[in-house]
Amino acid sequence: MYSIYQKINQQIEMVIKNAIDKAVENGQLVEIDLPQIMIEKPREEAFGDFSTNIAMQIVKQAKKAPRQIAEVIVQNINKEGTFINKVSVAGPGFINFYLDNEWLYETLSLIDERKEKYGEVNIGKGSKVMVEFVSANPTGPLHMGNARGGALGDCIASVLEKSGYDVTREFYVNDAGNQMEKFGISLEARYLQQLNGEESIEFPEDGYQGEDIIDHAKDYINEYGSALLQKTSEERRKALIDYALPKNIKRIHDGLVRYGIYYDCWFKESSLYASEIDETMNILKERGYLVEKEGAIWLDGEKAGLEKDEVLIRQNGFPTYMAADIAYHRNKFLKRGFDTVINLWGADHHGHVARMKAAMEAIGVSKDRLHIVLFQLVNLYQNGEIRKMSKRSGRAISLDDLLDEVGVDAARFFFNMKTSGSHLDFDMDLAVEQSNNNPVFYVQYAHARICNIIKKLQEENIERISSDEVNLTLLVQPEELNLIKRLAAYPEEITMSAQTLEPSRLTHYVMNVAADFHSFYNACRVRGEQEDLLQARLFLVYCTKTVIKNVLDLLRIDAPERM
RNA sequence: GUGCCUGUAGCUCAGCAGGAUAGAGCAACGGCCUUCUAAGCCGUGGGUCAGGGGUUCGAAUCCCUUCAGGCACGCCA
C-alpha cells in the first residue's frame, strides 16, 4: 500500500456498493448498473473528509430524487472495519464521510515506513517512456525557452519515474541538415570578415546573427590562423563546423548539468542519415503515403488526414527536417521500443503537432502514444520591466546568465510554478528576495526550521522514538490534523501530476505543506512539551521533513538544514 | 483567411475527467516575538470566472458563438 487515499477509496467504494446491494435486496432501490464511484475531497471542512456524488449519478436509473437515494444508501451503510466514523447526506444529494482520526495516524506510520519512497505510486507499471526535451539547436547558447523546457521536461520525467514508469531522458542533437549548412555559412562569413574586413563579404540574410558565431571565428583564428583562406569554401565550412559544433554541444551539456539536468542519451540527428531516413521513406512509400511532384517527394496530406502535403525530400535530394523527425520517431518507437514518447516543444512549434501525429499513424504507430507538451514562452521581469539583455555581455540572456543571477533553485522552482500552457512572467527580483514572498525561500525555510527543531532536541539528548512506541493519538490540534491531511495527499498529487504531465502541481503542493507546517509551528510547540506529546509532535515533524525533502528532491531543488 | 493556445480578485495565478457559499499568494489594512529561526503566524476587505446562447438536477469546468491577446500556417527547424 502506497497511499492512504487508495485505502480509503477502496473502503468507501466497498461500503457504498454493499449498501446499494442491500437496498436492492430490501426493495428500497431497483437493480442498478453502477457507474464508477467518484470519491473526492469536499471543499468545505464541514462537509466531512471525503464525499461521493453517486446518488446524483444514478438518479435516472433509480427513478428517485437524489437526496432520497442518498438517504437510502446511508441507511444501509455498514461502516464496520473502516475508517468511517460518520456518514451524512447534504446539499443536492452528496454523501459525506467523516473519518476517524485513525487514518491520519496511519498516514504518519506509512510515511515513516516508506521514507524517501513515500509518494511513489505505480500507475506506470514499468512501461517504457521517453521524455525528449530542450533539444536546443547546437548553433548557439541556451535561451529562456530552453530554460523553461528544461525545468519542465526534467520534472515531468521525475514525476513519471515516481509513478512507476521506466523513464529515459533524451536530448536530440540537431547536428545535420539545413541548419548545419546555415551554421557553416555563418561561421565562414564571420571568419572571412575577421581576416578580410567587415566589407569583404556580406553576411547572409538567413545566417545566425548571434555574437557567439563571431567569437567562434575569432577563437579559431587565434588557434589555427588564416590557413582556411586557401581552402575551398566547402572545406572551410567543414573545418569551422568541426571546430565550433563540439564546443557548442559541450557548452549546452555543461549548462544543463549546472541546471541539474542529466540525460540518459544524446541522440544525434546525423546518425539517421546513414540508413534510417531511407528506410523510413521506403515504409511510407510501401504504405502509399508518398506523392511525387514538382521534383520533390511529399507526404500525402489527404491520405494522412492533413490540410496539405508536406515536403519530405527536397528537389535537391536532401531530406527536410520533418523527414528526419519521422525517422527519429520511428527509431524511438519501433527500434528502441518505447511505449510512450513525450516531447516538449515551445508553443511556436504547435503547427508541427498534427503533422507528427499523422506521420506516426502513417508508419503504423498509434498517434496516442506520442504526447506533445507545448509550453508558452517566457518574459523576464526586473524592476517592473521586461528584461531582454544580459547586463554583463549585452547579449540575449542565456541560461547561464539566469543561473548566475537567480541560482538553480529559484530557476527550477519558478519555471515549474505555472502550468506549461500559460505564459510565464519570471520575476527576477522576487527570485532572489529572501522573504516569505519568495516561494522557494518559504519552502526551504520550513525545511530548515524542522531541522532546527530536531537539532535543538538532540542537543538536549532527546531523540525520536519508533512508530511502535509513539502515541500519535495525542495529535488532535487542528493545525496538527491539517498538516497530516496535507501529507496524506502526496501520493495523489504525484498521480495527478503524472496523468496531466503538470509538475506545477507539486510546487503548489509543497508550498501548501510549508504553509501548514508554519501554521503548526506557530500554534504548537515541540520542545518543552510533556514527553508523550513531544514525541508525537516530533514524529509529525520528521514526517513533514520527509515529505518536503521528497518533493524538493524530485524537483532537484536543495533542501537546506539551516538558513 | 484557417487552425491552436490564453482570458478567473488591483497584480501573478490555482481550480477546468461537471458538483455544495469560486480559491491561494502578492499588494492594502489590523494584530502576534521573556518560549524550537518573525525568512514566520493570525485576522479583515476585495469577483458580471471576457460577453452571449445551449446541454444538465447542477457549468468557471462540456458544446456553439462573439470579443480581446499570443502563436502557427516555408522545398526553415
With both distances under 3.5 angstrom, what nucleotide forms a Watson-Crick or G-U wobble pair with [N]?
{"N": "B:C36", "value": "none"}
{"N": "B:G47", "value": "none"}
{"N": "B:G30", "value": "B:C42"}
{"N": "B:A24", "value": "B:U12"}
{"N": "B:C57", "value": "B:G19"}
{"N": "B:G74", "value": "none"}

Touch check for [X], heavy atoms < 4.0 angstrom, all strands: base, sugar-phosphate only, or nothing?
{"X": "A:N96", "value": "base"}
{"X": "A:A446", "value": "nothing"}
{"X": "A:M180", "value": "nothing"}
{"X": "A:C451", "value": "nothing"}
{"X": "A:V59", "value": "nothing"}
{"X": "A:G528", "value": "nothing"}

Task: NZ or CZ of A:R449 within 45° of A:F517 ring axis and under 6.0 Å - done: no

- [ ] Using the ring of A:Y542 (Phe, Tyr or Trp, six-membered ring only), decide whether A:R464 places NZ or CZ under 6.0 Å from its centre and within 45 degrees of its axis.
- [x] yes

Rounding to a whole Å, what distance do you find between [X]:[atom1] and [N]:[atom2]?
{"X": "A:R67", "N": "B:C57", "atom1": "CZ", "atom2": "P", "value": "19 Å"}
{"X": "A:I54", "N": "B:G18", "atom1": "CD1", "atom2": "P", "value": "13 Å"}
{"X": "A:E492", "N": "B:A17", "atom1": "CD", "atom2": "P", "value": "14 Å"}
{"X": "A:R562", "N": "B:A39", "atom1": "CZ", "atom2": "P", "value": "16 Å"}
{"X": "A:I123", "N": "B:A17", "atom1": "CD1", "atom2": "P", "value": "16 Å"}
{"X": "A:N522", "N": "B:A39", "atom1": "CG", "atom2": "P", "value": "11 Å"}

Open item on the list: So is the aromatic ring of A:Y442 stacked onto the base of B:A39, judging by whether the centres are under 5.5 Å apart and the planes are under 30° apart?
Closed with: no

Task: A:E561/A:K455 ion pair, N-O < 4.0 Å - done: no

Task: Ion pair A:D49/A:K485, N-O distance below 4.0 Å - done: yes

Task: A:K549, NZ atom: more than 12 neighbouring heavy atoms under 6.0 Å - done: no

Task: Enclosure of A:F318 CZ (heavy-atom neighbours >12, cutoff 6.0 Å) - done: no

- [ ] May I ask you to verify whether the side chain of A:T419 and the base of B:A14 hold a donor-acceptor pair under 3.5 Å?
- [x] no

Task: Which residue lies more 5' along RNA chain B, comparing A:D425 with A:N53 via nearest heavy atoms - done: A:D425

Task: Syn or anti for B:C63 (syn when the glycosidic angle lies within 90° of 0) - done: anti

TODO: Before giving the answer on side-chain contact (heavy atoms from CB on, under 4.5 Å), spell out for A:L187 and A:R237 the whole-Å C-alpha distance, their side-chain angles and the decisive distance to 0.1 Å.
DONE: CA-CA 7 Å; A:L187 286 164; A:R237 288 175 192 174; over 6 Å; no

Open item on the list: At under 4.0 Å between heavy atoms, how does the protein contact nucleotides 70-77 of chain B? Give one character per nucleotide, 5' to 3', with B, S or -.
Closed with: SBSSSBSB

Task: Separation between the C1' atoms of B:A9 and B:A60, rounded to whole Å - done: 14 Å

Open item on the list: I'd like the C1' distance from B:U34 over to B:G47, given in whole Å.
Closed with: 45 Å

Tell me which donor-acceptor pairs under 3.5 Å the side chains of residues 528-535 of chain A have, and how far apart each pair is, sequence neighbours excluded?
| from | atom 1 | to | atom 2 | distance (Å) |
| --- | --- | --- | --- | --- |
| A:Q535 | OE1 | A:I465 | N | 3.1 |
| A:Q535 | NE2 | A:E463 | O | 3.0 |

TODO: Using only side-chain N and O atoms of A:S504, determine if any of them is under 4.0 Å from OP1 or OP2 of B:A14.
DONE: no

Hey, can you pull the donor-acceptor pairs under 3.5 Å for the side chains in residues 423-430 of chain A, sequence neighbours left out?
| from | atom 1 | to | atom 2 | distance (Å) |
| --- | --- | --- | --- | --- |
| A:D427 | OD1 | A:D429 | N | 3.0 |
| A:D427 | OD1 | A:L430 | N | 3.1 |
| A:D429 | OD2 | A:N383 | N | 2.7 |

